[in-house]
A.B. asks: 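Okay, handing you the structure first.
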Amino acid sequence: MIPARVITVSDRCSAGLAEDLSGPLAARLLADHGVDASVVIVPDDVDAIRAAITAAVEDGARFVFTTGGTGISPRDVTPEATEPLLVTRIDGLADAIRLRGEEKIASAALSRGLVGVTARSPEGALVVNAPGSRGGVSDTVAVIGPLVAHIVDQLAGGDHPRA
């Protein structure tokens, strides 16, 4: 199993005013792809999000999946918190996630979620920003789930598969 952390970014959930539905869903869906993820909740705050991602990697997570805070409202700051932690962005995957969502709902194009890695080494982790909706989580896992093991293997120095 790939060690991972799901980080739900939500002021309301972190304050106990709403139930976190997207984080547990992400963990359940990712388990089908060999990912063992714990779930934490943080407010929509750059420092809190950045600290949660950093702590996950320091705790040994090779995959960090955030849900929430990718839109355009003033409190949506997950991409701003994530970007400085990435040494390499994987924009093609971020685009594929948005395109998958747009097949169902036009507003998926508003997601500013990032995908990238914290280091190109065995200590590096894949970081994926997903929208906070359950549909956005499902779409993101549908795109990224089949690739997680390969990406983590590549970070560890694995060979590229031969066709």
A.B. asks: Considering only heavy atoms from C-beta outward, does the side chain of Leu29 approach that of Ser138 to under 4.5 Å?
C.D. replies: yes
A.B. asks: Between Asp139 (side chain only) and Gly136 (backbone N and O only), is there a donor and an acceptor less than 3.5 Å apart?
C.D. replies: no
A.B. asks: Ignoring hydrogens and geometry, is there a side-chain-to-backbone donor-acceptor pair from Asp153 to Ala149 under 3.5 Å?
C.D. replies: no
A.B. asks: Are side-chain N/O atoms of Thr70 and Arg112 paired as donor and acceptor at under 3.5 Å?
C.D. replies: no
A.B. asks: Quick one: do Val127 and Phe63 satisfy side-chain contact (heavy atoms from CB on, under 4.5 Å)? Show the steps, please.
C.D. replies: CA-CA 6 Å; Val127 180; Phe63 177 40; over 6 Å; no
A.B. asks: Distance-only, no hydrogens or angles: does the Ser38 side chain make a donor-acceptor pair with backbone N or O of Arg5 under 3.5 Å?
C.D. replies: no
A.B. asks: Considering only heavy atoms from C-beta outward, does the side chain of Asp20 approach that of Val39 to under 4.5 Å?
C.D. replies: yes
A.B. asks: State, with a plain yes or no, whether a side-chain heavy atom of Val115 is found less than 4.5 Å away from one of Asp91.
C.D. replies: no
A.B. asks: If we only count heavy atoms from C-beta on, is the Glu83 to Leu114 side-chain gap below 4.5 Å?
C.D. replies: yes
A.B. asks: State, without any angle test, whether Thr78 and Asn129 hold a side-chain donor-acceptor pair at a distance under 3.5 Å.
C.D. replies: no
A.B. asks: Taking 4.0 angstrom as the limit, do Arg50 and Glu80 come out as a salt bridge?
C.D. replies: no
A.B. asks: More than 12 foreign heavy atoms under 6.0 Å from CG of Leu17: is that the case here?
C.D. replies: yes
A.B. asks: Quick check: do Val128 and Thr140 have side-chain heavy atoms less than 4.5 Å from each other?
C.D. replies: yes
A.B. asks: Between His33 and Pro146, what is the shortest heavy-atom contact and its length?
C.D. replies: ND1-N, 3.6 Å
A.B. asks: Side-chain heavy atoms under 4.5 angstrom apart, residues restricted to Ile, Leu, Val, Met, Phe, Trp, Tyr: same cluster for Phe65 and Val152?
C.D. replies: yes
A.B. asks: Is it possible for you to say whether Val143 and Val6 belong to one hydrophobic cluster, with membership spreading through side-chain heavy-atom contacts below 4.5 Å?
C.D. replies: yes
A.B. asks: Identify the two heavy atoms, one from Thr67 and one from Ser22, that lie closest to each other, and give their separation to 0.1 Å.
C.D. replies: OG1-OG, 3.1 Å
A.B. asks: Can you give me the closest heavy-atom contact between Val42 and Ala52, atom names plus distance?
C.D. replies: CG1-CB, 3.8 Å
A.B. asks: Look at the side chain of Arg98 and the backbone N and O of Ser111, then say whether any donor-acceptor pair between them is shorter than 3.5 Å.
C.D. replies: yes
A.B. asks: Asp36 side chain to Ile2 main-chain N or O, any donor-acceptor pair under 3.5 Å?
C.D. replies: no
A.B. asks: Kindly give the heavy-atom pair with the smallest separation between Ile49 and Pro43, and that separation in Å.
C.D. replies: CG1-O, 3.8 Å
A.B. asks: Counting distance only, does the side-chain N/O of Arg62 pair as donor-acceptor with the main-chain N or O of Gly124 below 3.5 Å?
C.D. replies: yes
A.B. asks: Do Leu126 and Val40 sit in the same hydrophobic cluster, where Ile, Leu, Val, Met, Phe, Trp and Tyr count as joined when their side-chain heavy atoms come under 4.5 Å apart?
C.D. replies: no
A.B. asks: When you measure from the side chain of Asp11 to the backbone of Asp44, do you find a donor-acceptor pair of N or O atoms at a distance under 3.5 Å?
C.D. replies: yes
A.B. asks: Work out which heavy atom in Cys13 is nearest to a heavy atom in Ser10; give both atom names and the distance.
C.D. replies: N-OG, 3.0 Å
